[in-house]
Amino acid sequence: MASTFPSDDHAAPIVIVGAGQAGGMAARCLREVGYRGAVIIVGDEAHLPYERPPLSKAVLADEQVPDISLMPASFYAEHAIDLKTGTRAIRLDADRRQVELEDGAILSFSSCLLATGGRARQLPLCAGAAAAVHTLRTLDDALRLREAMRTANSVLIIGGGFLGLEIASTARMRGLEAMLVEQAPQLLERALPPLLSRWLGERAAAHGVQLHLNASLASLSEDAGGVRAVLGDGATLRADLAVVAVGLAPEVTLAREAGLRIDAHNGGIVVDAHCRTSAASVFAAGDCTSRPHAATGALVRLESWQNANEQARIAAAAMLGIDTAPAATPWFWTDQFGCNVQMLGHRDPALDYYVRGTLPSGCESGKALLFGVREGRLEHVVAINAGGDLRAFRDAVDQPLACAPQALCDPDAPAKQLARLALGRART
């Protein structure tokens, strides 16, 4: 693409703090739209920007560690992007438009993008077994856990969210005994309708995971080279190692100390639809942000690969004053226990769900679509092994249905035909 932005060797650079998915993709987007000014990425990890979804799957499971880099090292040199890995930013001065690094260097900026992601939440009661307790957020975390799994026979997973379930699935693939403790009565009850929560629990159990639902963790300690967990009901679990997967805390230290607005409810950096923060010339993208829901305006924090990419694209355009398409409908996916699960839109307890197909039982294969509807409006679609069918409904989510929701359950009609029917575009 021909550049529409003249190069100015004297202009302050765009500084991106955070070398993860959002930070790396934002730098790429800046170059793709033709920006030729200086771009600096500051990241505290030693690695090139990389994809996080494989950490709980391919990185743990494969014999050889796969290359999960967003772009090869040559990309940054070829596009004149100054990538500072293993470097931590310690201060942001929004008024002076400066970022201070831990080595004392001061980076002036024309715009700054905070793509600081988050850190794995810790459980204080696990401190007594620190040597055998893992978290999984970074590539180094995954490599340590992978090495520990080589000699382990069993793993205790604390937390039944997407990450915990993916780790349990990978552990079973590797032949380890897997025990999972979740304080809620159902798995992923905030993300999935009850029908799917129950199905997922049955699926995990069929693959050999020992589920402890509606269970609290009273203590965790070292025990004969492994860990010993005592649950709230007095039950005792022993394993060679433990993984704490109880969520992500957004990394907002720089933003908070710089006086940026932080969402009191979810802890994210508050941004508008264009990824602007409360400070001029400072933007934010990815897991660290709290952004307005497109339909309701309520602030939400989304932790997903797609959201990081979408906000990177939007922030890059906004920093250059370019109009761009709004964020796409939220989409999330996970692979676990032999199934691919994909979701469009947002789960809400008030939704009524309609099922197309049959949920695969036990360890069997099969596919299904679930449509979440409220007052004639399609708000949530979940696909089990039906990602291709899900894509047909991207334009229909958050739109009023032009048909009865039961019509979407026809197993004989192609998904594209049903999507056209939902939008009132059925061919005659």
Side-chain angles (χ1 to χ4, degrees), residues 1-9 11-55 57-59 62 64-89 99 101 103 105 107-118 137-143 251 275 283-289 304-322 324-325 327-328 333:
M1 175 185 296
S3 175
T4 57
F5 304 96
S7 178
D8 184 350
D9 294 337
I14 290 176
V15 174
I16 300 171
V17 180
Q21 184 85 33
M25 289 304 296
R28 176 174 173 172
C29 289
L30 287 169
R31 292 302 189 225
E32 286 179 344
V33 298
Y35 178 67
R36 293 190 294 163
V39 177
I40 301 174
I41 304 177
V42 178
D44 56 7
E45 292 188 59
H47 309 287
L48 296 174
Y50 58 85
E51 307 260 8
R52 294 191 190 275
L55 295 182
K57 298 180 277 290
V59 174
D62 292 355
Q64 300 295 324
V65 178
D67 182 6
I68 60 173
S69 301
L70 283 177
M71 286 85 68
S74 59
F75 174 89
Y76 303 95
E78 291 168 358
H79 292 82
I81 296 170
D82 184 0
L83 177 59
K84 300 181 182 296
T85 57
T87 304
R88 190 166 65 93
V99 171
L101 307 184
D103 63 3
L107 304 179
S108 296
F109 60 81
S110 56
S111 294
C112 175
L113 175 65
L114 297 177
T116 45
R137 174 61 183 172
T138 69
L139 177 55
D140 288 338
D141 291 340
L143 295 177
E251 179 48 72
C275 295
F283 300 75
D287 291 351
C288 65
T289 66
S304 76
W305 177 91
Q306 182 230 24
N307 182 62
N309 286 338
E310 284 290 282
Q311 287 197 307
R313 172 182 64 80
I314 291 169
M319 286 189 286
L320 302 178
I322 300 173
T324 191
W333 63 273

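What you see is a predicted model, and the numbers here were worked out from it, not measured in a lab.
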task = Please report the closest heavy-atom contact between S111 and M319, naming both atoms and the distance.
result = CB-SD, 3.7 Å
ask   = Does T324 have any side chain to side chain donor-acceptor pair (under 3.5 Å) partners at least two apart in sequence or in another chain, and if so, which?
value = R313
Side-chain polar contacts of residues 64-78 - donor-acceptor pairs under 3.5 angstrom, sequence neighbours left out - could you list them?
| from | atom 1 | to | atom 2 | distance (Å) |
| --- | --- | --- | --- | --- |
| D67 | OD1 | S69 | N | 3.0 |
| D67 | OD1 | S69 | OG | 3.0 |

key: Partner of D287 under side-chain hydrogen bond (donor to acceptor under 3.5 Å, both in side chains), chosen from R137, Q311, R52   = R137
query = Shortest non-hydrogen contact from P49 to L83?
reply = CD-CD2, 3.8 Å
remark   = By side chain to side chain donor-acceptor pair (under 3.5 Å), E51 pairs with (sequence neighbours left out) W305
note = On a heavy-atom basis, the closest approach of N307 and G286 is ND2-O, 3.9 Å
query = Is any side-chain heavy atom of I81 less than 4.5 Å from a side-chain heavy atom of I41?
reply = yes
request  = Can you sort out the partners of H47 under side-chain contact (heavy atoms from CB on, under 4.5 Å), two or more places apart, ordered by chain and number?
outcome  = E45, Y50, L139, D140
query = Within the side chain of E251, is there an N or O that forms a donor-acceptor pair under 3.5 Å with the backbone of T116?
reply = no
Identify every side-chain donor-acceptor pair in residues 12-21 under 3.5 Å, counting partners at least two apart or on other chains, and give the distances.
| from | atom 1 | to | atom 2 | distance (Å) |
| --- | --- | --- | --- | --- |
| Q21 | NE2 | N309 | OD1 | 2.8 |

message = Which heavy atom of A26 sits nearest to which heavy atom of A316, and what is that distance?
response = O-CB, 3.9 Å
inquiry  = Among residues at least two apart in sequence or on other chains, which ones pass side chain to side chain donor-acceptor pair (under 3.5 Å) with D44?
reply    = none
